[in-house]
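See below for the structure under consideration.
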There are 4 protein chains.
Amino acid sequence: MMPRTKGEESKRKLLQAAEELFAKKGFQSTKISEIVANAGLTQAAFYLYFKSKEDIFQQMIQDFDQQIIDLSDAGKKVVELVPNDIKSYVTNMFIQLFTVLGKNPNLTRIALQHATESDQIRKKIVEQIANNMSNNQRFGIVKEEIDTWVAAEAIVAVTERLVNRYLLTGEKTEKELGEQVARMFLSGILNHSKSGD
Amino acid sequence: MMPRTKGEESKRKLLQAAEELFAKKGFQSTKISEIVANAGLTQAAFYLYFKSKEDIFQQMIQDFDQQIIDLSDAGKKVVELVPNDIKSYVTNMFIQLFTVLGKNPNLTRIALQHATESDQIRKKIVEQIANNMSNNQRFGIVKEEIDTWVAAEAIVAVTERLVNRYLLTGEKTEKELGEQVARMFLSGILNHSKSGD
Amino acid sequence: MMPRTKGEESKRKLLQAAEELFAKKGFQSTKISEIVANAGLTQAAFYLYFKSKEDIFQQMIQDFDQQIIDLSDAGKKVVELVPNDIKSYVTNMFIQLFTVLGKNPNLTRIALQHATESDQIRKKIVEQIANNMSNNQRFGIVKEEIDTWVAAEAIVAVTERLVNRYLLTGEKTEKELGEQVARMFLSGILNHSKSGD
Amino acid sequence: MMPRTKGEESKRKLLQAAEELFAKKGFQSTKISEIVANAGLTQAAFYLYFKSKEDIFQQMIQDFDQQIIDLSDAGKKVVELVPNDIKSYVTNMFIQLFTVLGKNPNLTRIALQHATESDQIRKKIVEQIANNMSNNQRFGIVKEEIDTWVAAEAIVAVTERLVNRYLLTGEKTEKELGEQVARMFLSGILNHSKSGD
DNA sequence: TATGAATGAGGCTTCATTCAT
DNA sequence: GATGAATGAAGCCTCATTCAT
């Protein structure tokens, strides 16, 4: 994990600098000159490791993308379980979502902003949540009248925004947010169950 | 409403073109050359009506800003009413919100994206909703344990996203979305009332 | 002299405005938009009276040029006279020079600055003075060892500068400057004569 | 003195080209495209070394400014000496002045033309000469009736013009001009002394 | 006699990218 | 593995000038 060679170290520095700048100023507004300055290198060095500005962006997203996929896969496995305590299950899922996105606030911001890419990533997350929810709808856990795609979009939008607004600023923790959101959505989405509050 | 002079017509065309492009590609990525091309004018003409790219943006936002303020004011008046049918009241509020933002999907997208400005506008909307909700909290209508600011941010985030995802594409109407969202949030936010479904 | 028609009046206003601006900011830095603004007209109107920016400049210079030629001619006539009082004659010449240039401080400034033109006008003035002086050299009035062309250039340079520095600012009058300059140059240029101080 | 690195060499070429063009065509009329063309570089290269057109101008002036200050300081030291041979002293001063300005004919022209800056630089030179002269006036060397500031302005104007007219063209040397000018001004400014011609 | 509207050409400046060392 | 130097392409903006009315 720790870079061995000087080259790997330089590349890491560049990725790090780019991540911070992209998050702070957006992709377009971030200049290569700024990235290399923040990384303590020259502009030419940048092109030793990346083919273009777009390239560094892609490489940056990839890792993040993988984490999302992992979350997604984890999600799939949980689907089959019919939880005793639905409420805590859902709350947990929210906390998980906040945790993944909150661990990479910069990447979250970047990924969900960059036009083309964001749609890809967002789509993956939304898809995973929607499928999950549809499944639970078949089990009678999620209300019939809920449009699971709309709900999934809503959940992602809320999570994304609250990460930026409260997690990034340190005003609230993953747990607090997860609980708040669960509370807001739960009884709207789930059927009245004995496990409700 | 219809511009009388040629100049006014040209300015309108430029604003129109800019709005579409800003919404589609973002402020930074939109080139003045594209705006004027879409408006059927030359680049020099642009500067007959706007001092800079930032200027056209500001002028564009102003109108929208006013509509938001109007909505805000309308909202304040409704606060005092203790509705018999809370559910339909809230649903209505959501439909209203979708309608205002949905009427200006481009502007919504632009305003809520452009760094500095977005914070201003978003803040106004969120503030209005949060205050409204806090009021209702005092009346015992909204649950104690809800953080109204978090909830308001959530509502705006959801609305914004669904407008872009479903209203803009024509896949759903304001009414459909308003009802869906009300359904999702309602029982999470409101106390169990006889007016619930 | 007073313009009869509206057109003449407009043209006069434009010339007036241009003169002031050219003098204050130079030819290049003065924009047509500024000229017409100062004249209370539109840019299109400008082209009713002048073919181009260069054109208004030329027309402006012409009048001035004529005055210089007139001074020149007057100078020639005086040459033949062998004055009794050389000192007062020279002083007078200086006062005259200051008067002509001082009457048109703007034009002086403009004419002597605008690259191409200035050389023409300056040349005329210098030539006239140099010839005059050479003549007087033959009469033994001006010292043999004086290079009359150098002296003439010097005289014009001094006059030009002092007009700008002291006449334009109102700090000194033509008379004062004429006398000062005469005093400075006289005994350097003229042979010791009984009319010296 | 000779630039070591390629970059320094390029910067030097740009300064050189700019100097010539500014002198020939004035600041405003000189385009950056012309400067870089004359320096054999591209327009982008210009911005490797200078922040703007104004910037290259400032850097150019600085050196010159320093030389003027040095001359000024040298001048101050000489003030105290009551020279035996005033004439040769003054002649020398003129030769010195011609030499400094003549060594940088372009800069002289530029510095004394560019509005804001020129006033600064000209003022410095004029001030130095005027003070010098006032001092000598107290010693009875310079005539009472001479306005030393007017005289100083005159001297600078003459020097400036003759440098451009005769030194730049190679028609006359510093020595020749210095002597001519000394001759013209000397007896006008100085009291009749045994050291006069 | 004048104006409202528009434009072509060109200026300054920025930036991602390349290449020789 | 890195840098100093340079560039091409493109962006924003200005300004003298034109033309229909």
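First the proteins, then the strands, lettered A, B, ... as listed; each starts at 1.
Regarding D/Phe50, its CZ atom lies at a distance of 15 Å from the P atom of E/dC12, rounded to whole Å. Rounded to a whole Å, the NZ atom of B/Lys51 is 10 Å from the P atom of F/dT14. In this structure, A/Phe46 places its CZ atom 15 Å from P of E/dC15, rounding to the nearest Å. The CZ atom of C/Phe27 sits 13 Å away from the C1' atom of F/dC15 (whole-angstrom rounding). Straight-line distance from the CG atom of A/Leu14 to the C1' atom of E/dA16: 15 Å, rounded to whole Å. E/dA6 atom C1' lies 16 Å from atom NZ of B/Lys11, rounded to whole Å. Taking atom CD on B/Glu9 and atom P on E/dA5, their separation rounds to 12 Å, with Å as the unit. In this structure, NZ of A/Lys31 is placed 9 Å from C1' of E/dC15, rounded to the nearest angstrom.
If you check distances only, the side chain of B/Gln43 never reaches the base of E/dT7 with a donor-acceptor pair under 3.5 Å.
Of the two residues near DNA chain F, B/Gln28 and D/Gly40, the one whose nearest nucleotide lies more 5' is D/Gly40. Nearer to the 5' terminus of DNA chain E, by closest-nucleotide assignment, is the contact made by B/Ala45 (compared with the other of D/Ser33 and B/Ala45). Summary of the strand contacts: B/Ser10 and C/Gly7 both lie near DNA chain E, and taking for each the nucleotide with the nearest heavy atom, the more 5' one is attributed to C/Gly7.
Nearest nucleotide to the side chain of B/Ala44, out of F/dA6, E/dT13, E/dT7: E/dT7. In the set E/dA5, E/dT18, E/dG11, E/dA5 carries the atom at the smallest distance from any side-chain atom of B/Tyr49. Of the candidate nucleotides F/dA5, E/dA5, E/dT1, E/dA5 has the atom nearest to the side chain of B/Thr5. When each of F/dA2, F/dT17, E/dA5 is scored by its nearest atom to the side-chain atoms of A/Leu48, the top-ranked nucleotide is F/dA2. Taking the side chain of B/Ile32 as heavy atoms from C-beta on, and the options F/dC12, F/dG1, E/dA2, the nearest nucleotide is F/dC12.
A heavy-atom distance below 4.5 Å is not found between the side chains of B/Ile56 and B/Tyr49. Counting heavy atoms from C-beta outward, A/Leu107 and A/Phe22 have side chains that stay 4.5 Å or more apart.
The base-pairing partner of E/dA20, taking Watson-Crick or G-U wobble contacts with both distances under 3.5 Å, is F/dT3. Partner assigned to E/dG8 is F/dC15, using Watson-Crick or G-U wobble distances below 3.5 angstrom. Under the Watson-Crick and G-U wobble criteria, each requiring two contacts below 3.5 Å, nucleotide E/dT13 is paired to F/dA10.
Within the 4.0 Å cut-off from OP1 or OP2 of E/dA5, not a single side-chain nitrogen or oxygen of B/Lys6 is found. When the side-chain nitrogen and oxygen atoms of D/Tyr47 are compared with OP1 and OP2 of E/dT13, one or more of them lie within a distance under 4.0 Å.
Between D/Lys25 and D/Glu34, at least one side-chain nitrogen of the basic residue sits less than 4.0 Å from a carboxylate oxygen of the acidic one, meeting the salt-bridge criterion. D/Glu9 has a carboxylate O that lies under 4.0 Å from a charged side-chain N of D/Arg12, or vice versa, which qualifies the two as a salt bridge.
Residue B/Ser29 is classed as having no contact, given no heavy-atom separation below 4.0 Å to the nucleic acid.
Annotation for B/Lys103: atom NZ does not count as buried by contact number, only 12 or fewer foreign heavy atoms lying within 6.0 Å.
Side-chain contact, A/Gln62 with A/Gln58: no donor N or O sits under 3.5 Å from an acceptor N or O.
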